[in-house]
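Keep in mind that what you see is a predicted model, and the values were worked out from it rather than measured. Residues: numbered from 1 along the sequence shown.
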Amino acid sequence: MRRARNMRPNIVSEAGLPTRMNQWWESIPFLTSAVVVVCGVIYLVCLLVGYDSFAEVCFLPSAVVSRFQVYRIYTSIIFHGSLLHVLFNMMALVPLGSELERIMGSVRLLYVIILLATSNAIFHVLIALVVAHNPVLTYDYLMNECAIGFSGVLFSMIVIETSLSGVQSRSVFGLFNVPAKWYAFFLLVVFQLLMQNVSLLGHLCGILSGFAYTYGLFNFLIPGTTFYSSIESSSWLSTCVRRPKFIVCTGGNPSGYIPTHTNQNSTSGGLLSGNIWRNLSSLMPQREVSTQSTEDSRFPGRGRTLGSSQDQAPSHLHSDSNLQERLLEDSSPNNPLVSSTPSNTHQLPEGRRSAVNVATTTAVPQHQGAVVSEEGIKKLVSMGFDRTQVEVALAAADGNINVAVEILMSQQS
């Protein structure tokens, strides 16, 4: 037993962190992880080669208007000025992008990001032109402001995600709660006060684009689901589609957008809708948390839908975690491994009961086709773990010894 106690800290330190990091990375959908990789690689390349001529790639309204350098709209969102800048933006992107990608699908979210980046730039240029050329008070600074970073799109995604969540209030960094419709504006003020060299207009335009999207003003620019399906079925994208993290846009609303206020019987775009003035009566649309299956058609994608009672099954990772806990509970002395009664499995989904039955009726457990080797069992038993719990943990971990160690350690802690 002393030998096992000496070995466990080393096992956890060597296998625990890499395994958890790998599980965390695998849980991030395809497009979100791709954006993180692209922005991170671009920053590292700029850092290694000493590139700091951001004036050539940033969003500069004067250059876009006078020289028609439209490429700046898209280069500006993937370049970042500092390590903290790219880290902060990517850490904010992971939860936001993952949630929206599971709702929309990977291709659909890519289109929405391009749309938001374009609309942000249009709002940015229009406001800068009005401020610079109005007859009352001219101010040329905004025309020459050089803005880079993904944060403008992030503010748009914050508005969209807040609208879809249906919550009435949100917490600002855990310090205080604010009404949900004012959440993005509070973040705008906080960032402006706490950070230097922050583009107020760039973030504000992101908020405006997010509201325009949730109110349906961009509906006439967004194609139907057949457009995304045709892209997903193309040969040049087949490699990406086959990846486990890729989320396909399946089915859904034929109008091809994620509405907050919608009239299913109307075929007109948001700008022509008869409800547009009612939609504009408040700064933020109020959504009821529906318990009907209509949410599934409004928010297509293989992931879960916010506010829907359909598709309430937990994620694959959480399901495996719950299964592991139940398996180990079933192996306690008061609940022998060989006895499998309906009371032990009635709370599990039908697809998971078979895994419990296999683990509780065989001498060498099997889980999802993976046979636990006797060598692995002996190795873990030699570390001081109970053989019965070792067999069950290995079955739940698909024979992966490192994951089984983490399960056993978490049970003993």
Side-chain angles (χ1 to χ4, degrees), residues 27-29 31-32 35 89-106 108-109 112-113 115-116 150-191 203 206-219 222 247 249 252-253 255-262 270 279-315 317-318:
S27 67
I28 304 175
L31 180 65
T32 303
V35 174
N89 281 351
M90 294 304 102
M91 289 176 63
L93 171 66
V94 167
L96 280 172
S98 298
E99 190 68 32
L100 292 177
E101 186 171 355
R102 294 186 183 104
I103 294 172
M104 300 180 182
S106 300
R108 191 190 194 105
L109 180 60
V112 170
I113 289 176
L115 176 63
L116 293 174
F150 203 80
S151 53
V153 178
L154 287 177
F155 268 87
S156 300
M157 297 172 75
I158 288 173
V159 174
I160 296 173
E161 192 275 334
T162 301
S163 174
L164 294 178
S165 66
V167 297
Q168 299 300 316
S169 64
R170 304 206 75 164
S171 174
V172 179
F173 302 117
L175 301 177
F176 55 90
N177 291 333
V178 298
K181 61 183 179 181
W182 298 105
Y183 177 64
F185 293 102
F186 270 90
L187 291 181
L188 175 68
V189 174
V190 169
F191 290 148
H203 291 172
I207 295 176
L208 295 178
S209 295
F211 278 113
Y213 183 87
T214 58
Y215 281 109
L217 300 182
F218 296 154
N219 292 348
I222 302 179
I247 298 178
C249 177
N253 193 347
S255 57
Y257 59 94
I258 297 183
T260 304
H261 295 279
T262 182
N279 293 349
L280 294 175
S281 61
S282 61
L283 288 177
M284 191 70 178
Q286 300 295 324
R287 283 173 43 84
E288 296 181 358
V289 178
S290 174
T291 58
Q292 303 299 325
S293 61
T294 55
E295 298 290 341
D296 291 337
S297 64
R298 295 171 64 186
F299 307 133
R302 292 191 300 201
R304 67 183 182 86
T305 300
L306 296 176
S308 173
S309 62
Q310 305 293 329
D311 196 21
Q312 287 291 333
S315 64
L317 179 61
H318 293 170

Review point. Is there side-chain contact between Tyr183 and Leu187, with heavy atoms separated by less than 4.5 Å?
Key: yes
Check your understanding: Can you say whether the rings of Phe155 and His203 are parallel (under 30°), tilted (30 to 60°) or perpendicular (over 60°)?
Key -> parallel
Practice item. Find the distance between CH2 (Trp182) and OG1 (Thr162) and round it off to the nearest 0.5 Å. Key: 14.0 Å
Point to revise | Interatomic spacing from CZ in Phe185 to CD1 in Ile158 - rounded to 0.5 Å | key: 12.0 Å
**Study point:** Ile247 and Leu109, any side-chain heavy atoms less than 4.5 Å apart
**Key:** no
Review point. Going by heavy atoms in the side chains, are Leu93 and Val153 under 4.5 Å from each other?
Key: no
Check your understanding: How many angstroms lie between CE in Met157 and CG in Leu96, if you round to the nearest 0.5 Å?
Key -> 5.5 Å
Check your understanding: Sub-3.5 Å donor-acceptor pair from the side chain of Glu99 to the main-chain atoms of Glu161, do we have one?
Key -> no
Practice item. Measure the shortest side-chain to side-chain distance between Ile113 and Phe150 over non-hydrogen atoms and say whether it is less than 4.5 angstrom. Key: yes
Point to revise | Ser156 backbone acceptor or donor facing Ser209 side chain under 3.5 Å | key: no
Exercise for review: Decide yes or no on side chain to side chain contact (heavy atoms under 4.5 Å, CB included) for Leu100 and Val112, but give the supporting numbers first.
Suggested key: CA-CA 10 Å; Leu100 292 177; Val112 170; over 6 Å; no
Point to revise | Arg102 vs Ser98 side-chain heavy atoms within contact, under 4.5 Å | key: yes
